[in-house]
Amino acid sequence: MTDAPLKLFNSLTRQLEEFRPVHEGEARVYSCGPTVYNYPHIGNMRAYVFADVLGRTLSWKDYELTHIINITDVGHLTDDGDAGEDKMEKMAAAKAESIWDIAKHYTEAYWADVKALNIREPAKWSVATDYIDEMIDFAKGIADKHCYELDTGLYFDVSTVADYGRLARAVTEEGEGRIETVEGKRNAADFAIWRKTPAGETRQMEWDSPWGKGAPGWHLECSVMGEKLLGFPFDIHTGGIDHREIHHPNEIAQNQAFCGCGGLDVATHSGAKIWMHNNFLVERSGKMSKSSGEFLRLQLLIDRGYHPLAYRMMCLQAHYRSELEFSWEGLGAALTRLKRIVMAAEKLQDAPLGDPSHPKFAALRDKFAAAMSDDLNTAVALVALEEALAMKKVDASVKRAVIEEMDQVLGLGLFGLTRTDLRIRPGDARITEAEIEAELFRRKEARVAKDFAASDAIRESLADGGVEVMDGDPLGWEWKL
């Protein structure tokens, strides 16, 4: 297999760059994690599928990976542009529950989605409230040169660092409109790194600080945990493209202040060598927004009868930097493609693991390696996997080794998956699997008795119940989505 150098698109420089680690043989990655005030929607989860593929690729390239994903349980306001209420406090008040219970519930829900999508666990889930002392120390270290105090909190003066907004390529008028207007701010883009609890109020989450009782800003949290757990500069920082405009530029400004660094012509001054962002998942009905009440979360897909790995397949079919449009038809097509791959892989289940470096697979392994090394081109890598599965007159043990090698990177978990696993009962199904099997047995008896009218009637009755009978197929039947 060709040892193609790994090239990744750096949002900070807007160009492909060869990955050269800060520390020889290591890869240190920080991914912006969820704010655990609600269930993640499938657009949120695209970011973690992308980060997982990146981590798997780095491991496949033999780097010792340290991947950190944070859990934001305080400080993230209802508008990313530093305005509104704290999302956690707002949800706790709405549900009349402890904010700690809210955080626990939605963190566990997020972890369940991570597991369902076969996303690997990071080296550490860093929980923001575990690092409050470190956040205060970080803020104290930069306050004299880079911050000023107002009645509402401690604010970062963006004019004190070079190239503020370089990542977003400028603070646009639209962007400025999303930034909170606070009386006394020196610059429109200045942001709070510590928010004081308003006089007469008590928050569920608040701590003493040199600037009064309050809570850290969302931007501060990521700077502190990135530095504490990976050290500046680390290799790669990932997040959704929405973070590229405000959250990450603010994080970078804090990192520059902490390090006493110069301008961003030197990428490492930002705190990370490479900044990577996945594009949006687009859904035309408007159900991607959590503010709509009912929104597209992974459990809804499962309730409709789609295995969660069909969504992972959907993500892999598109490049992470391209917009991906969600539709039920598209998800169905991804599930069908996954089924075909699983059917082919099942034939190799009993084969021993051979040596993947067989000459017959050299070209396909090179194609796969070139695709993944070209900024994680999973769409082309998937084709290489399918072509390897379709190879005829080759040793089954070698083929299995090749497929396992590719699947370790794509993360579908093919050899722990069967077509039966993909047969998910829709939440609104009116018939149980036991009843289906009983009807199929009755149909078999009717066919033996040559009562084809009864056989057809049973088949039609099952179809009305959302069940597709598949004569001649070992699986026998599937839910008809």
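The figures that follow rest on heavy atoms only: side chains count, while hydrogens, waters and symmetry mates do not. Keep in mind the model is a prediction, meaning the values are calculated, not measured.
Here the straight-line distance linking atom CD1 of I102 with atom CE of M88 works out to 7.0 Å at 0.5 Å rounding. How far CD1 of I68 is from OH of Y30: 8.5 Å, rounded to the nearest 0.5 Å. The CE atom of M372 lies 3.5 Å from the OG1 atom of T57; values are rounded to the nearest 0.5 Å. Note that CD1 of I69 and CD1 of I119 are 7.5 Å apart. Values are rounded to the nearest 0.5 Å. The distance from atom CD1 of I193 to atom CG of L154, rounded to the nearest 0.5 Å, is 4.5 Å.
With a 4.5 Å cut-off on side-chain heavy atoms, L8 and L54 count as touching. Within the 4.5 Å cutoff, the side chain of N10 has heavy atoms near those of the W275 side chain. Contact check for Y39 versus Y106: side-chain heavy atoms found under the 4.5 Å cut-off. Residues V402 and M406 are in side-chain contact: their nearest non-hydrogen atoms beyond the backbone lie under 4.5 Å apart. Within the 4.5 Å cutoff, side-chain heavy atoms of F326 are placed close to those of I42. Using a 4.5 Å heavy-atom cutoff, the side chains of M135 and E221 are in contact.
Under 4.0 Å is where a charged nitrogen must lie from a carboxylate oxygen, and between R195 and D86 no such pair does. In summary, R321 and D375 engage in a salt bridge, as defined by a charged side-chain N under 4.0 Å from a carboxylate O. D190 and K185 are not joined by a salt bridge, as no carboxylate oxygen comes within less than 4.0 angstrom of a charged side-chain nitrogen. Between E405 and R365 there is a salt bridge, since at least one side-chain N of the basic residue sits less than 4.0 Å from a carboxylate O of the acidic one. Residues R284 and E325 are paired through a salt bridge, judged by an N-O separation under 4.0 Å between the basic side chain and the carboxylate.
A ring pair (Phe, Tyr, Trp, His ring centres under 6.0 Å) with F156 is found for one member of F138, F191, Y164 and no other, namely F191. The one candidate from E251, Q254, H247, H76 that meets the side-chain hydrogen bond (donor to acceptor under 3.5 Å, both in side chains) condition with H219 is H247.
Sequence neighbours left out, the pairs with a member in residues 106-122 that pass salt bridge (charged side-chain N to carboxylate O under 4.0 Å, His left out) are K104-E108. Identified under the salt bridge (charged side-chain N to carboxylate O under 4.0 Å, His left out) test for residues 43-52, with sequence neighbours left out: D52-R56, D52-R312. Residues in residues 129-139 take part in no salt bridge (charged side-chain N to carboxylate O under 4.0 Å, His left out) pair, two or more places apart or across chains. Listed by first and then second residue, the salt bridge (charged side-chain N to carboxylate O under 4.0 Å, His left out) pairs that reach into residues 142-161 are E149-K196, D157-R186, sequence neighbours excluded.
By the ring pair (Phe, Tyr, Trp, His ring centres under 6.0 Å) test, H277 is found to be paired with H248, residues two or more places apart in sequence or in another chain being considered. When the salt bridge (charged side-chain N to carboxylate O under 4.0 Å, His left out) test is applied to R28, the partners found at least two apart in sequence or on another chain are E26. Applying the side-chain contact (heavy atoms from CB on, under 4.5 Å) rule to E323 yields the partners N279, V282; only residues at least two apart in sequence or on another chain are considered. Shown here are the salt bridge (charged side-chain N to carboxylate O under 4.0 Å, His left out) partners of D235, two or more places apart in sequence or in another chain: there are none. P426 is linked by a side-chain contact (heavy atoms from CB on, under 4.5 Å) to D428, A429, W479, L481, counting only residues two or more places apart in sequence or in another chain. R20 meets the salt bridge (charged side-chain N to carboxylate O under 4.0 Å, His left out) test with E18; sequence neighbours excluded. Remark: A47 engages N278 in a side-chain contact (heavy atoms from CB on, under 4.5 Å) (not counting sequence neighbours). Applying the side-chain contact (heavy atoms from CB on, under 4.5 Å) criterion to I424, with sequence neighbours excluded, gives I302, H307.
Annotation for G263 and A162: closest pair CA-CB, 3.6 Å, computed over non-hydrogen atoms. The minimum heavy-atom distance between A116 and L298, with the atom names listed, is CB-CD2, 3.9 Å. Nearest heavy-atom pair across P21 and Y63 is CG-CE2, 3.8 Å.
Here the side chain of S373 pairs no donor or acceptor atom with the backbone of L6 at under 3.5 angstrom. Formation of a donor-acceptor pair under 3.5 Å by the S31 side chain with backbone atoms of G33 is not found in this model. Using modelled atom types, one side-chain atom of S209 and one backbone atom of W211 make a donor-acceptor pair closer than 3.5 Å. Side-chain atoms of E89 come within 3.5 Å of backbone N or O of M205 as a donor-acceptor pair. Here the side chain of S327 pairs a donor or acceptor atom with the backbone of G330 at under 3.5 angstrom. With N377 contributing its side chain and D374 its backbone, the two residues share no donor-acceptor pair below 3.5 Å. With hydrogens and angles disregarded, a donor-acceptor distance shorter than 3.5 Å links the side chain of S270 to the backbone of A267. With S322 contributing its side chain and A318 its backbone, the two residues share no donor-acceptor pair below 3.5 Å.
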**Prompt:** Run the side chain to side chain contact (heavy atoms under 4.5 Å, CB included) check on L77 and W218 step by step: do they pass?
**Reply:** CA-CA 8 Å; L77 304 188; W218 176 38; over 6 Å; no
**Message:** Let's go through L331 and L301 carefully: what are the C-alpha distance in whole Å and the side-chain angles of both, what is the deciding distance for side chain to side chain contact (heavy atoms under 4.5 Å, CB included) to 0.1 Å, and is it a yes or a no?
**Reply:** CA-CA 9 Å; L331 184 63; L301 274 54; 3.6 Å; yes
**Asked** Stepwise, does the side chain to side chain contact (heavy atoms under 4.5 Å, CB included) test hold for F9 with L376?
**Response** CA-CA 9 Å; F9 186 82; L376 313 180; over 6 Å; no
**Message:** Before you tell me yes or no, could you show the steps for V22 and F234 under side chain to side chain contact (heavy atoms under 4.5 Å, CB included), namely the whole-Å CA-CA distance, both residues' side-chain angles and the distance that decides it to 0.1 Å?
**Reply:** CA-CA 7 Å; V22 175; F234 53 87; over 6 Å; no
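In this structure, a donor-acceptor pair under 3.5 Å is absent between the side chains of S126 and N70. There is a side-chain donor-acceptor pair under 3.5 Å between T13 and E17. At a cut-off of 3.5 Å, with distance as the only test, no side-chain donor of T66 or K124 sits close to an acceptor on the other residue.
The aromatic ring centres of Y155 and W194 sit 6.0 Å or more apart. In this structure, the ring of Y110 has its center less than 6.0 angstrom from the ring center of Y48. Ring-centre distance between Y306 and Y311: not below the 6.0 Å cut-off. If you look at W100 and H105, their ring centroids are not closer than 6.0 Å. Proximity of the aromatic rings of F368 and W60 is defined here by a centroid distance below 6.0 angstrom, and this criterion is met.
When the shell of 6.0 Å around NZ of K339 is examined, it contains more than 12 heavy atoms from other residues, nucleotides or ligands.
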